[in-house]
Amino acid sequence: MTACVLETAVDDDTAPARPPAPAPAEAPALTIAADGSYAARLLPDPDGGLFAERWTLGGPEPYAVRLPGVRPEEPGSEVLPLADGRVLIRRRLEGRHALALLYPAGPVTGEQPAGSVGRERLRLLPPAPDGVTAYALAPGERSTELWRVHGGPAGPERVTEIPGRCSGGAWLDRDGHLLALDRTVDGRTKTITVHLRHGGETSPLLRITEDSDDRLLLADPDSGLLLLRSNAPGHDRLGWGVLGSARPARFPGALLYGAGGPARPPGGTCAEGASADGTRADGGAGRAGSGGGAAAAAGTAPVPFAVQPGQTLLPEHCGVALRIDGPDGPRVGVWRPSEGRLRLLTAPRGWLAGTGLWTAEGELRLPYATADVPCGLARVPLPATAPLLRPARVPRMAFRMISRRDLRAAAARASDTLPGAGTSPGAPPAGAAGPPPGEPAPPTGGGGGAPGAGDPSTGLSWERAGSAPGGTPSVPRPVPLREMPTACPGTSGRVHDRGPG
């Protein structure tokens, strides 16, 4: 299916006045594995309840396989696809959460129990980068437990307990060792990093201002691009930063585009943000409207759902796909930090809104399902924008032309230091400049003869045949480099950058 790019675009100086606050996170319509090979979702069962469905996305054409259980699934269940084709399902039972692995087994569904977690609430986190391990959060009254529910040595196990209420979840590396969570303590939300390799130690990740709520929405491990939402500019805005960078977080006006259309924000600036601690994307609120006095845009604020992988060390050229809800249904926005504008795409009919994946080659894939096509994948080619390269600044040496007198003097010094060196008979030609004070007289050199004879521009000092003692012809003797003039009088000889040309 073809999706067209609209001609209209929203730049960084155009934005609605104030988008509404983001809605609470809900279960995605389709969960895609970390490597994009499989996906899974829950569908209504005609007999009541729900059933699991697995999508295969790694082949030339996508196809779906239904995985109904012995009984219909209850509302509130969750599914998570694994890279080996199995689907992890979480079911709510009496006082605990049962885990199982579903897989197609001929005409029936195979099911393998995977343990249980005895907690009141449990929520699966996004698929881990390795495609096998699965994690979940179990929120409590004053703390949140992080569980490894699959991929451990002995079934589900608790990794760590984190003070405060944790939500969200984004992976910061390809090894699955760094997990970002949004933690709320005393009414303030900040993003932290959980170091799974070090027993679940935590460290701050986003801290734009002391009084702001800072949440991480999406992260790209390759480029380090972070998509965040913060009210540091005065109200909730979508911004971006770079993992580990000391530069402030930025809140482009193009990302304020709502489904109601763009509108210029009122003037005003916001407070600068404080730096983050540890591995961070330091915060500083950019230019933003102070809010108030303008009508909110219709619909909701854009929500990022996919980032282009493979853009190593190029966060500003990394593509981001966003969901934009409006009165006419959801739309797809494409944005890159370097472009400074938001491009709008027509979503395919039946798009499972807010889901999709982006390939390293620049193809955005949007899953959709209709009555005629129950498992479809729209492919939208969006190659990466070529970086704008500035002409290289070529360093040049500051120099002046070396005079013939200086070059002859250097040749004379070299002749005196070489064994067997002699002095050519004859006098210097008329009008020739004399040697500098304190310098030995240069050799007169011969007239015609071989090319370069007596020409100091060749860098050679030589004597005519028969001029050496005993009548033995002499050969040309090169002047050692250490004897050549390296800088002219009045210049330092250092390299200066004057730019091209």
Side-chain angles (χ1 to χ4, degrees), residues 5-25 182 189 191 206 208-209 211-219 225-242 247-273 281 283-307 315-316 318-345 347 353-354:
V5 180
L6 300 185
E7 294 296 334
T8 55
V10 183
D11 57 29
D12 282 347
D13 296 327
T14 308
R18 180 169 179 166
D182 299 329
T189 301
T191 304
L206 292 179
I208 298 181
T209 67
D211 299 330
S212 62
D213 294 319
D214 312 316
R215 295 177 174 87
L216 182 64
L217 305 182
L218 206 60
L225 181 66
L226 304 179
L227 277 299
L228 56 99
R229 186 176 297 280
S230 174
N231 58 6
H235 56 269
D236 277 316
R237 290 190 60 171
L238 186 62
W240 69 283
V242 180
R247 299 184 64 184
R250 279 141 285 184
F251 299 86
L255 295 183
L256 275 173
Y257 185 89
R264 188 164 300 278
T269 57
C270 59
E272 293 297 326
R287 178 168 53 91
S290 58
T300 59
V303 178
F305 63 88
V307 181
E316 295 187 352
C318 192
V320 180
L322 306 101
R323 167 182 173 172
I324 303 175
D325 291 328
D328 298 330
R331 304 187 70 181
V332 180
V334 175
W335 172 82
R336 285 185 176 92
S338 61
E339 290 184 353
R341 65 172 184 166
L342 180 67
R343 292 188 288 171
L344 301 180
L345 308 180

*Identify the heavy atoms of Cys318 and Arg336 that sit nearest to each other, and give their distance.*
O-CG, 3.5 Å

*CZ/Phe251 to CD1/Ile208 distance, rounded to the nearest 0.5 angstrom?*
4.0 Å

*Measuring from Leu216:CG to Thr189:OG1, what's the distance to the nearest 0.5 Å?*
13.0 Å

_Test item: Arg250 side-chain N/O and Pro248 main-chain N/O as donor-acceptor pair under 3.5 Å_ = yes

_Side-chain donor-acceptor contact under 3.5 Å, Asp214 with Thr191_ = no

*Closest approach of Ala232 to Thr209 (non-hydrogen atoms, all atoms of both residues)*: CB-CG2, 4.2 Å

*asked:* Would Leu228 and Leu206 count as a side-chain contact (heavy atoms from CB on, under 4.5 Å) here? Give the steps.
replied: CA-CA 9 Å; Leu228 56 99; Leu206 292 179; 4.0 Å; yes

*asked:* Checking Asp182 now: which residues fulfil salt bridge (Lys or Arg N to Asp or Glu O under 4.0 Å) with it, not counting sequence neighbours?
replied: none

*Residues forming a side chain to side chain contact (heavy atoms under 4.5 Å, CB included) with Ala353, sequence neighbours excluded*: Arg323, Pro330, Trp351

*Using atom types as modelled and distance alone, determine if a side-chain donor or acceptor of Asn231 lies under 3.5 Å from a backbone N or O of Asp213.*
yes

*Heavy-atom closest pair, residues Gly354 and Phe305*: O-CB, 3.2 Å

_I'd like to check the side chain to side chain contact (heavy atoms under 4.5 Å, CB included) partners of Leu238; sequence neighbours left out, ordered by chain and number._
Leu217, Arg229, Leu255, Pro302, Pro304, Leu322

*asked:* Looking at every heavy atom in both Ser230 and Ser212, which two are closest together, and how far apart are they?
replied: OG-CB, 4.0 Å

*Between the side chain of Ser338 and the main-chain N/O of Glu316, is any donor-acceptor distance below 3.5 Å?*
yes

_Any heavy-atom pair between the side chains of Val320 and Leu225 that's under 4.5 Å?_
yes

